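Quick note: numbers below take in every heavy atom, side chains included, and nothing from hydrogens, waters or symmetry partners. All values derive from a computational prediction rather than experimental measurement. Residue numbering restarts at 1 for every chain, and letters A, B, ... go by the order of the sequence lines.
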Amino acid sequence: MTALQHKRTSPIAHLTPADIEQLGKELDALREEILADRGQRDADYIRRVIKVQRGLELGSRAVLLASIFPPAWLLGTLGLSISKILENMEIGHNVLHGQWDWMRDPAIHSTTWEWDNVTPAEAWKHSHNELHHTYTNVIGRDNDLGYAIMRVDEDQEWTPLFLGQPLWNFVNMLIFEYGIAAYDLDLGAYVTKQRTDTDRLKAGAKAVWRKARKQILRDYIVHPLVSGPSALPTLAANVVANVARNVWTHSVIMCGHFPRGVETFTKETLDGETRAEWYLRQMLGSANISGSRLMHIMTGNLSYQIEHHLFPDLPSNRYQEVAPRVQQLFERYGLTYVSGPLPKQVASAWWKIIRLSLPNDFQPGVRRQKASGVTESAAPSGRNPVAV
Amino acid sequence: MAPRVLDGVRTVLAPLARAATTPLLPADYLDLLAPLHPGAHRARVVGVRRETDSAVTVALRPAGRWPGHRAGQHVRVGVEVDGVRCWRSYSLTGPAGLDGTLTITVTGVDDGRVSRHIVERLRVGTVVGLEGPDGDFTLPDPAPAKVLFVTAGSGLTPVMGILRTQLSELPDVVLVHSARTGREVLFADELRAWHAAGRLRLVERHTATSGRLSAADLVELVPDLADRPTWACGPNGLIDTVADLLDQQGRLDQLHTERFRPVLAPVGRGGQVTFGRSGPVVEADGATSLLEAGEASGVLLTSGCRMGICHRCVVPLTEGTVRDLRDGALTSVEQGDPVAVQTCINAAAGPCRVEA
């Protein structure tokens with residue numbers, strides 16, 4: 001039994017421990033069903049995506065050789081941006097999750113994959129797969145909650161540093177891949193002296209620099225030089241594509257856990273947490289983005305954040321297939337399936353970051369109710385149990 | 001002069017191409033545009049011909065220049081079955097063709113996911129993985145004057161590779177081949193024609209009617225057995241029969257064998273296998289090889305013959321104990337002193353860790 005159930009305003013107050021275990025069993029069964037059905041169709045899918053992405057990248061880079069002509073620049077930059085987004089999201093993120101390991105193809109395997117991102121795959125797999133996915137939305141354990149530089153929940157203590165967080169968030173958005181690298185290094189903890197194992201930091205930073213150097217060389221020196229007279233426009237195209245990829249991935253990731261309606265949890269939640277309770281935490285701690293098929297692919301199917309958090313290692317093309325059934329489970333168990341279109345969710349997440357840059361006392365109309373399980377700020381009505 | 005210029009261009013271009021494609025390699029893009037580029041360990045299926053009800057001969061054209069093989073050797077073929085890349089070893093059933101085409105003959109066995117896929121679903125045009133050749137089930141040079149081959153089922157395939165390549169150099173060949181029925185004899189027309197032409201003596205044993213070949217049968221069928229260096233390939237029961245017989249005659253050094261499957265020792269208890277530093281932890285029973293246990297959990301393990309011969313699958317065992325499935329021998333490691341083990345014929349004997 002978890003403390004979650006005893007809260008009067010808790011979104012799961014109506015669930016008994018037996019209900020929760022039953023929910024866990026149903027999700028396990030769903031997972032087994034997909035695993036048993038996984039096969040050629042899925043393998044063909046990821047190969048097709050990789051082919052399209054690499055083809056698009058090659059084509060865009062070829063067009064950029066003539067980027068001195070504005071239409072070529074525009075086309076090449078657009079293509080390169082899309083290719084970089086696909087590479088990071090639908091391919092890199094998901095391959096590094098091990099979603100395609102079952103194919104036993106050394107060219108598409110989490111242990112051999114390296115992505116177009118300054119953070120080395122190995123470092124990211126640790127901070128993302130092991131920490132974030134295990135401790136999702138647990139304050140003090142999941143550093144994805146504000147990446148240690150922002151306050152994204154009322155229960156995170158306010159300091160004057162957070163006054164600047166809308167600005168930090170904006171800057172982080174523009175240079176997001178470097179933000180992630182710093183995050184994977186746990187740089188914040190070293191700056192605040194919470195961590196002192198500087199040997200680890202040095203080794204990690206060296207690995208990031210080795211990786212970053214190659215990417216800088218590729219995007220800002222090799223490809224521009226090869227472009228000859230188009231060198232400067234090609235350089236600009238690479239800058240724009242990298243920034244566009246940063247802005248896009250930052251926005252999508254903000255939508256996964258920060259929008260209105262998403263719950264956070266205290267460390268006590270983890271004590272003796274069962275697999276079923278872990279499932280439940282993932283259900284309450286994630287939000288989806290609604291939209292077209294193209295939008296889903298461009299987000300790496302992280303638009304199905306809830307499904308991804310329930311089944312992080314299922315092939316990404318399966319999330320949209322299980323989504324209706326997951327949503328049915330939410331309904332049957334009386335839980336809120338948080339979902340909304342991208343602009344709305346991005347705005348909601350940004351509003352939270354702006355709002356929480358101020359101390360709780362400065363937030364009119366918000367009463368605080370705190371319990372040991374779900375932490376939340378109850379809405380004025382007192383009935384809406386979700387974070388505002 | 002020209003080669004030196006080419007080398008110069010290559011030393012400049014290769015690093016430039018790598019710098020332009022990091023974190024991938026130029027070959028990753030090349031694979032996309034031309035999966036059969038000369039450096040790829042791949043082949044295209046250029047023919048699939050039915051041999052018997054349950055066997056097909058597959059013609060493969062390698063991507064690059066074929067380095068050549070000795071008759072009797074095998075290759076590793078990688079096919080995709082339901083999206084999963086599977087590697088198996090198959091004997092080459094003849095010399096490379098003038099255009100470099102190789103042939104393998106695959107018999108579908110009931111529990112063989114891969115062999116059944118090849119027999120039932122492999123189509124011309126498919127690109128498969130190809131590595132090798134390997135193996136020492138070959139004739140010496142010069143070849144002995146009198147030779148005996150004892151085969152059963154698809155154990156005929158390496159011998160067919162030898163016969164098609166070297167029969168003209170072999171003045172006196174006896175082939176004792178077992179198959180369930182006459183219909184199931186692989187390469188039957190070719191073998192019977194050779195027999196009819198007096199180029200070899202073929203003894204067919206149809207086990208459905210005559211039962212399995214015994215040592216006494218062999219002595220009776222091949223009176224000059226003692227004069228014949230022997231090559232045997234087939235199920236373990238057959239090879240053991242031949243080996244026991246030649247051992248009694250004190251001629252074990254004249255026996256060359258190739259098995260499909262390892263000879264297994266009694267099963268021990270299994271254990272928890274951890275793959276790598278962060279890889280999955282798998283509960284494996286004592287009869288399941290580390291290779292099979294890992295593959296079932298999506299671990300990327302190299303495999304070869306899958307029976308303990310080729311050592312393609314060797315990885316360091318860093319913790320715990322494993323049991324050799326063939327003889328039950330235990331291999332344990334001390335902390336910090338890893339031992340290389342073959343994953344295909346070792347099973348967990350208690351908790352253990354291998355660096356996959």
Does some side-chain heavy atom of B:V81 sit less than 4.5 Å from a side-chain heavy atom of A:Q40?
no

So, the part of B:L301 with a heavy atom under 4.5 Å from chain A: the answer is neither

As a quick check of understanding, evaluate side-chain contact (heavy atoms from CB on, under 4.5 Å) for B:T22 and A:K211, giving each step before the final call. CA-CA 9 Å; B:T22 186; A:K211 183 96 190 287; over 6 Å; no

In terms of heavy-atom pairs under 4.5 Å with chain A, the winner among B:L32, B:V299, B:L24, B:L33 is B:L32

What do you reckon, is NE2 of B:H37 surrounded by more than 12 foreign heavy atoms closer than 6.0 Å? yes

Cut-off 4.5 Å, heavy atoms of chain A, and the answer for B:D31 is neither

All heavy atoms of A:A43 vs all of B:G83, minimum pair found to be CB-CA, 3.6 Å

Q.
Any heavy-atom pair between the side chains of A:M103 and B:V84 that's under 4.5 Å?
A. no

Between A:R218 and B:A19 the two heavy atoms that sit nearest each other are CB-O, 3.2 Å

Exercise for the section: With the side chain counted from C-beta on, respond yes when B:W87 and A:R104 share a heavy-atom pair under 4.5 Å apart, and no when they do not. Expected result: no

So, the part of A:W115 with a heavy atom under 4.5 Å from chain B: the answer is backbone

_As a quick check of understanding, evaluate side-chain contact (heavy atoms from CB on, under 4.5 Å) for A:T112 and B:L300, giving each step before the final call._
CA-CA 9 Å; A:T112 60; B:L300 199 59; 3.8 Å; yes

B:L16 vs A:V222 side-chain heavy atoms within contact, under 4.5 Å | yes

- Is there a side-chain contact between B:E80 and A:R47, using heavy atoms and a 4.5 Å cut-off? yes

Between the CG atom in B:D82 and the CG atom in A:D37, the distance rounded to the nearest 0.5 Å is 10.0 Å

Residue from A:D42, A:D44, A:L58, A:D219 scoring the most non-hydrogen pairs under 4.5 Å with chain B is A:L58

Looking only at A:H109, A:K214, A:E114, A:R41, the option with the highest number of non-hydrogen pairs under 4.5 Å against chain B is A:H109

